[in-house]
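Worth knowing before you read on, the calculation uses all heavy atoms, side chains too, and leaves out hydrogens, waters and symmetry mates. Since the structure is predicted, the reported quantities are computational estimates derived from the model, not experimental observations.
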Amino acid sequence: MERDDGVAKPWPENDGITSVTELAPPPRGGTEFADLHAAQRLLQNRLAGASLPPDLAKEITDQLAQINAVLVEHQASEPDRLDGWRPDLPGRGHGLLPPYFIDGEDDSSLHGRVTFPRFYLGGNGAAHGGSQPLLFDDVLGRLVNFGQPGVARTAFLKVNYRRITPIEVELRFEASLDSVDGRKRWGTARLFDGSGTLLS
């Protein structure tokens with residue numbers, strides 16, 4: 001599934017995961033990393049929803065231990081890492097971040113879409129309360145550092161929860177840069193459901 005601009009839209013099919021091998025070769029790791037990242041997200045979602053018998057749990061644990069033994073030989077330094085440096089992938093290709101896409105941005109604002117999959121379930125069909133601040137911290141960090149001298153770090157982040165944030169539903173967010181005083185930068189982000197109701 002693709003948007004009009006040709007960027008892959010990773011939901012709602014296939015647990016919110018898509019292959020991007022049909023797209024033009026992306027940076028850092030190519031389509032191979034993009035597909036690996038999609039598989040990682042799918043594993044997170046399936047594991048979060050699994051209730052396994054003990055023998056199967058042990059078998060999968062052994063398989064994951066073998067994969068971990070391979071991965072330890074290929075750890076990269078922070079400047080050379082692939083995850084977190086892929087704006088073409090959900091959540092920049094970072095496995096911890098909610099899988100979001102930015103649809104538009106300028107010097108003082110941005111907006112996009114996010115779907116919190118099963119991995120972020122807190123309870124009763126709602127996204128865990130810590131997942132919204134994670135989204136806000138990342139998109140605000142991008143916005144307040146865009147075109148600004150020096151790097152600003154998060155000093156505080158206040159979240160007002162207005163409504164339950166559902167999982168497995170496409171939501172939209174917006175963020176604005178409110179003021180700048182050197183490295184002190186203030187921004188606001190909001191999360192909405194499909195009807196425009198403010199969630200947080």
Side-chain angles (χ1 to χ4, degrees), residues 1-46 48 81-121 126-128 130-147 154 157 159 163 165-177 187-200:
M1 190 170 179
E2 292 187 353
R3 303 200 312 267
D4 293 340
D5 59 3
V7 177
K9 179 179 176 183
W11 35 78
E13 296 88 359
N14 194 24
D15 290 358
I17 308 301
T18 188
S19 169
V20 294
T21 50
E22 299 82 17
L23 301 178
R28 291 212 184 195
T31 55
E32 294 80 9
F33 175 76
D35 289 339
L36 179 62
H37 175 68
Q40 174 198 343
R41 284 211 185 263
L42 184 56
L43 174 63
Q44 290 175 177
N45 293 333
R46 296 281 170 84
R81 63 188 275 201
L82 304 178
D83 61 312
W85 290 96
R86 292 290 299 269
D88 58 313
L89 299 180
R92 298 186 291 112
H94 194 297
L96 178 65
L97 295 175
Y100 71 84
F101 278 106
I102 293 176
D103 293 326
E105 61 185 320
D106 55 35
D107 291 350
S108 60
S109 66
L110 59 78
H111 64 276
R113 296 164 292 115
V114 63
T115 298
F116 293 94
R118 176 66 183 263
F119 179 69
Y120 295 93
L121 176 65
H128 190 286
S131 56
Q132 299 92 329
L134 191 56
L135 170 70
F136 290 154
D137 187 52
D138 203 63
V139 298
L140 284 169
R142 175 184 176 116
L143 180 61
V144 303
N145 284 304
F146 183 77
T154 304
L157 179 65
V159 179
R163 303 271 191 296
T165 299
I167 64 166
E168 299 175 349
V169 174
E170 185 174 271
L171 309 170
R172 66 178 184 84
F173 61 84
E174 59 185 36
S176 61
L177 177 60
T188 303
R190 295 175 182 85
L191 182 65
F192 302 91
D193 68 14
S195 67
T197 300
L198 180 64
L199 302 179
S200 57

Visitor: Write down the atom of P98, the atom of S131, and the distance for their closest heavy-atom approach.
Guide: CG-O, 3.7 Å
Visitor: Does a sphere of radius 6.0 Å around NE2 in H94 hold more than 12 heavy atoms from other residues, nucleotides or ligands, not counting ones at 6.0 Å or beyond?
Guide: yes
Visitor: Of all residues at least two apart in sequence or in a different chain, which pass the side chain to side chain contact (heavy atoms under 4.5 Å, CB included) check with L198?
Guide: R162, R190, F192
Visitor: Under the side chain to side chain donor-acceptor pair (under 3.5 Å) test, which residues partner Q40, sequence neighbours left out?
Guide: Q44
Visitor: Show the nearest heavy-atom pair for residues R86 and A34, with the distance to one decimal.
Guide: NH2-CB, 3.9 Å
Visitor: Looking only at atom types and distance, does a side-chain atom of Y120 sit under 3.5 Å from a main-chain N or O of E168, one as donor and one as acceptor?
Guide: no
Visitor: Please examine the side chains of L157 and L140, heavy atoms only from C-beta on, and report whether any two atoms are closer than 4.5 Å.
Guide: yes
Visitor: Can you name the one residue among V139, L89, D137, L134 that meets side chain to side chain contact (heavy atoms under 4.5 Å, CB included) with L97?
Guide: L134
Visitor: List the residues meeting side chain to side chain contact (heavy atoms under 4.5 Å, CB included) with L191, not counting sequence neighbours, and say none if there are none.
Guide: V114, F116, Q132, L135, F136, T165, L171, F173, L199, S200
Visitor: Would you call L42 and R46 a side-chain contact if the rule is heavy atoms closer than 4.5 Å?
Guide: yes
Visitor: Sequence neighbours excluded, which residues qualify as side chain to side chain contact (heavy atoms under 4.5 Å, CB included) partners of D106?
Guide: S108, S109
Visitor: I'd like to check the side chain to side chain donor-acceptor pair (under 3.5 Å) partners of R142; sequence neighbours left out, ordered by chain and number.
Guide: E105
Visitor: Would you mind reporting whether R41 and P90 have side-chain heavy atoms less than 4.5 Å apart?
Guide: yes
Visitor: Which residues pass the salt bridge (Lys or Arg N to Asp or Glu O under 4.0 Å) test with R81, sequence neighbours left out?
Guide: D83
Visitor: About how many Å separate CZ of R163 and OG1 of T197, when rounded to the nearest 0.5 Å?
Guide: 6.0 Å
Visitor: Supply the atom-to-atom distance H111 NE2 to S176 OG, rounded to the nearest 0.5 angstrom.
Guide: 13.5 Å
Visitor: Run the side chain to side chain contact (heavy atoms under 4.5 Å, CB included) test against N145 and tell me which residues pass, sequence neighbours left out.
Guide: V151, A152, R185
Visitor: Residues two or more places apart in sequence or in another chain: which of them pass side chain to side chain donor-acceptor pair (under 3.5 Å) with R92?
Guide: D138
